Structures are given as structure tokens and as C-alpha cells.
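Chain naming here is simple, since letters A, B, ... match the order of the sequence lines and numbering starts at 1 in each. Because the structure is a prediction, the values reported are computed rather than measured.
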Amino acid sequence: MSDLQKSPLHDRHVALGAKMADFGGWEMPIEYPGGGVLKEHTAVREAVGVFDVSHLGKGVVRGPGALEFVNARLTNDLRRIGVGQAQYTLCCDRETGGVIDDLIAYVRSEDEVFLIPNAANTSAVVGLLAADAPDDIEVEDLHTRFAVIAVQGPRSPDLVAALGLPTDHDYMSFTRAASGSGGDLTVCRTGYTGELGYELLPAWEDAGAVWDELLAKGVALGVLPCGLGARDTLRTEMGYPLHGQDLSLEITPVQAKSGWAVGWDKPAFWGRDALVKERADGPARSLWGLESQDRGIPRSHMQVLKDDQVVGEVTSGTFSPTRRVGIGLALLNRGTAEGDVVTVDVRGRSSVMKVVKPPFVPSHVR
Amino acid sequence: MNPADLKYTAEHEWVRVVGDHLRVGITDYAQESLGDIVFVTLPVVGTEVTAGQSFGEVESTKSVSDLFAPLAGTITARNEALDANPELVNGDPYGEGWMVELAPAAGVAAALADVQLLDASAYEALTRS
């Protein structure tokens, strides 16, 4: 895996004995010994878990009117939030409205917007914005300038406070702060688990000190280092889409029911014409939740059938550690309704599943 | 460590002689690779299996793996505890996490003489390569 990029915490993961895997071109921890997906998942639902998600991209758009520049390109409406707040948004293809990436935009000022795209899509997003930017707006890829450490779970405020960091800002807002061990960092009330939580952005070279302090001070709170395996089961329980599976160039936000992250009243954003039309016509397929009624676990690309007709495909699926059943997300043809009973072809066997509206477990982000 | 008194297959299963039956499970390497096991699907007692036949599944949070019959025979017992506690496979793959017992038609000695199973050191070499 020598071609893969490495997080600033890589040596620490290896020292902990983590199982490592390629994640968007980065060698990242999937799970840790003594933990495992189920225990790590439970730590986040019931106590607190820390994740290294430094593979996530970072970029900044700065210059006069940077906010307006971004707002005329990404889907969500930055005018819905103020300075110091963050927003989930989408970068769509100009022609088709397909999703190039989903990302979080952090408004630092009218003239500066910070972005956290997915690892594998960072250069695409940064490149598209840079290519479209006027001379006085600069778009910079800061991928290896900052680490991202997610601290998630009901005890996360206690742990973040134990580092002397602010914790009482609102969901989807952020603030700069000085930490005892790691210099200045940004504390965001964001996450991808459905639990109350924070994402800390220390400078790349400060990440180790922050990570060590989180694990040391978290012992009394029941902290576990958590890998991307648990991150996937946690986000699937919330029905949060993962780019590359539930969102992609072939899957529009209208199909993925991500229309809430589109500023429909804005005069311009990439993909607007295609998306407005698809929304008016009604999408041919939509993203639904599937809840297994037996021991079948839906997995990506499995076929979904109703009355022996293929009506769609599973885009994400796993075992829900909280509900103890198979759950998944699936793109299902128009006409599918909540409560429908379908079958999923699980390696040649028919597993009975119910069509539901995610989340599969209640959200506790606030 | 893989117990020295067991035989192993290239499919990461172990075989233990228990009287006139063979007990079968998956190796520590297999459970470690799979991660947290959440469902184990086993054949019912009385099922006849042929060598190499897929007779069950072990599913973890992230993937699923077939169980293959290491040799031909009739299933004489299945580890019922795995229905409620599949994590036994992770915690004790060579003990409480066993999968099935089977009786070879020709008897244990004849059946073992007839198949190529690995000893612990050969199996370890396989998992290191």
C-alpha cells in the first residue's frame, strides 16, 4: 500500500495494531484491536469515539465576494447561514446535475469559505472551482495542511472540554480555539454519525498531540479509537449518503432525496437546469431505506425485486449494530412507497425487506 | 496460534477429531479477517455434504464468507449457540465458536486418509504468504 497517502496519525494507528485499508487513495484505519466495528460503533452511540478522518479534503476559496462565488456554484444556499456556520452542500455536474461530490462549506466571512470535500474528490472540486474563478478569487487545496479528528458521541462534550476547547456552540457551527497541546485549531459541531459530536481541525503537524490527549483524557469517559468501519455502520443507520455509493455522477440529489441541500430559489448553481427539470417531472427513481425482515443483509449492487420484477438496486448496506438487523439504502423505481415489502437477491436467496424512511435510529446531533 | 492437534484447509477452516465425528470451525486468521461476525448460517442436522460444497455462511458487518465442507459426510451436530451469540466465533474460534460436526460415511480414519489437509505449520505458512 506504498502508493497510498498517509494521515499524520498513521504511525499511531499502526502502533495500535489497526487494520488498515485503502480509502479514497489514503491508507486509513478500518478498525482497532480490542474494539472492532461493533464495539467502536457502540462506544459512539453510548459514550464517545474518536476517528481520524484526515483523509477528508480541505480547501479554501478566498477573495472579494468568495461567498457569492461559491454560492453561485454549489447547490445549497449559503445565505441560509451566517459567518461561523457550516452547511452540507453538493457540487454537481453543470449539464446532468449528477453529484461530483458532497461536502461541508464553512463560512469564515463574505470573502472566505472553507471546504471539506471527500478525499477522492478533492482535486476535482478544487479544480472545478479554480477553473471558474475570476482573477481576484483564489482557490487553494489545503489537503495536507490540516488533520481532521472527529470526536463523536454523548460524552463528546466532556472530552472536548477536557482539552480546554469550547463545546457549547450550536450544531453546524465552528470556532477557532487554542488547545493546550496542539496550537490553534478549529472546533466544528459537525459529524457523520448521528450523535452529538465535534470535528477538530488541528494543523497537520499538531494532530498527533491532539489525538494522544483525546485518547488519554477519554479513558474515564469510555473513549475508543474508532475506524472507518464503524463510521460506515453509524452513517448507514442515519441514512446519510456516501459519495460513490448513494450519490454519484449517475445519481442526482433529486433521486437521492438530498433536495434539502439545494437552494432551489437561487438564480444559479451548477446543474440547476437539469435538477429543476427533474424535480418538476419527478425522479424516475428515489433513495429509500431497506430494513431486513430476516437474516439477510443488503449489500451494494444487490438487486431489489417486487412481484418478481427488478425495481432497483441496493447502494449501501450493512448490519445495524443498534437494531441488530440488516439495513441499507436502495435506489428504487418511481411508484415505490414507504411500507412496501420487497425482496433483495442476497447471493441467490430472497431476503424480505421493508421499504422505510431513514434514519434507522433516532438522530442525537443536537 | 493455531493448535497443533488440528488439521486445516486452504479455505481457513479447521478439523478436529471428536470420537467418530469431525468437528469443523474457522481459523483465528479467518475470524480476524472477517471482523465482527453477526450471523452464522449452518446446515441442519442430517444434511449430506460433499467435499468442497458450500454448506453455510459466516457474515460480518462488512462481508460474507462461504463455509466449505472439508470432506464428505453427514452433518451430525451444529453449534446452536452461534444463533444467539455469533461473536463466539471471534472470541474462541477453536473452542466455543465451532460450527458443525460431521460423520464421514467411510469413517473418520478412512476419510482423513483420503483428503489432503494441512498441519498447523503448513497452514501458518499459507497465511503468511
Side-chain angles (χ1 to χ4, degrees), chain A residues 17-23 29-44 224 226-237 242 245 292-302 314 316-328 344-349 351, chain B residues 1-2 11-12 26-45 47 49-50 52-69 78-97 99-100 127-129:
Chain A
K19 216 180 271 183
M20 307 293 287
D22 176 4
F23 212 88
I30 296 301
E31 60 179 37
Y32 296 86
V37 171
L38 297 179
K39 275 189 194 156
E40 293 167 22
H41 180 107
T42 304
V44 172
L224 281 187
C226 299
L228 299 181
R231 194 164 186 261
D232 194 57
T233 53
L234 288 158
R235 71 94 192 166
T236 305
E237 284 189 342
L242 174 66
Q245 292 184 195
S292 180
Q293 306 298 299
D294 49 40
R295 286 159 59 107
I297 298 178
R299 305 280 184 187
S300 294
H301 305 303
M302 286 178 176
V314 176
S316 278
T318 190
F319 174 79
S320 163
T322 306
R323 301 280 308 277
R324 315 293 304 175
V325 293
I327 59 168
V344 174
D345 181 350
V346 180
R347 294 177 301 281
R349 278 196 308 272
S351 171
Chain B
M1 280 301 278
N2 301 298
E11 308 290 351
H12 307 289
I26 67 169
T27 65
D28 188 52
Y29 175 88
Q31 70 78 20
E32 172 71 25
S33 307
L34 279 163
D36 286 336
I37 290 161
V38 296
F39 289 130
V40 180
T41 307
L42 300 173
V44 296
V45 170
T47 304
V49 296
T50 56
Q53 179 190 336
S54 162
F55 67 64
E57 283 178 356
V58 182
E59 188 151 20
S60 71
T61 50
K62 55 178 184 263
S63 64
V64 61
S65 213
D66 278 315
L67 287 170
F68 296 100
R78 61 203 292 277
N79 187 353
E80 305 288 348
L82 299 183
D83 259 355
N85 301 102
E87 68 275 11
L88 290 172
V89 180
N90 293 114
D92 190 9
Y94 299 111
E96 302 258 329
M99 303 271 159
V100 296
T127 56
R128 278 205 215 97
S129 61

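- Contact residues of residues 52-65 of chain B toward chain A are B/E57, B/E59, B/S60, B/T61, B/K62, B/S63, B/V64 (heavy-atom distance under 4.5 Å).
- For A/R295, the parts sitting under 4.5 Å from any heavy atom of chain B are the backbone and the side chain alike.
- Between A/L38 and B/D36, the shortest heavy-atom distance links the atoms N-OD2, 2.6 Å.
- A/K19 touches chain B through its side chain: at least one heavy atom from C-beta onward sits under 4.5 Å away, while N, CA, C and O do not.
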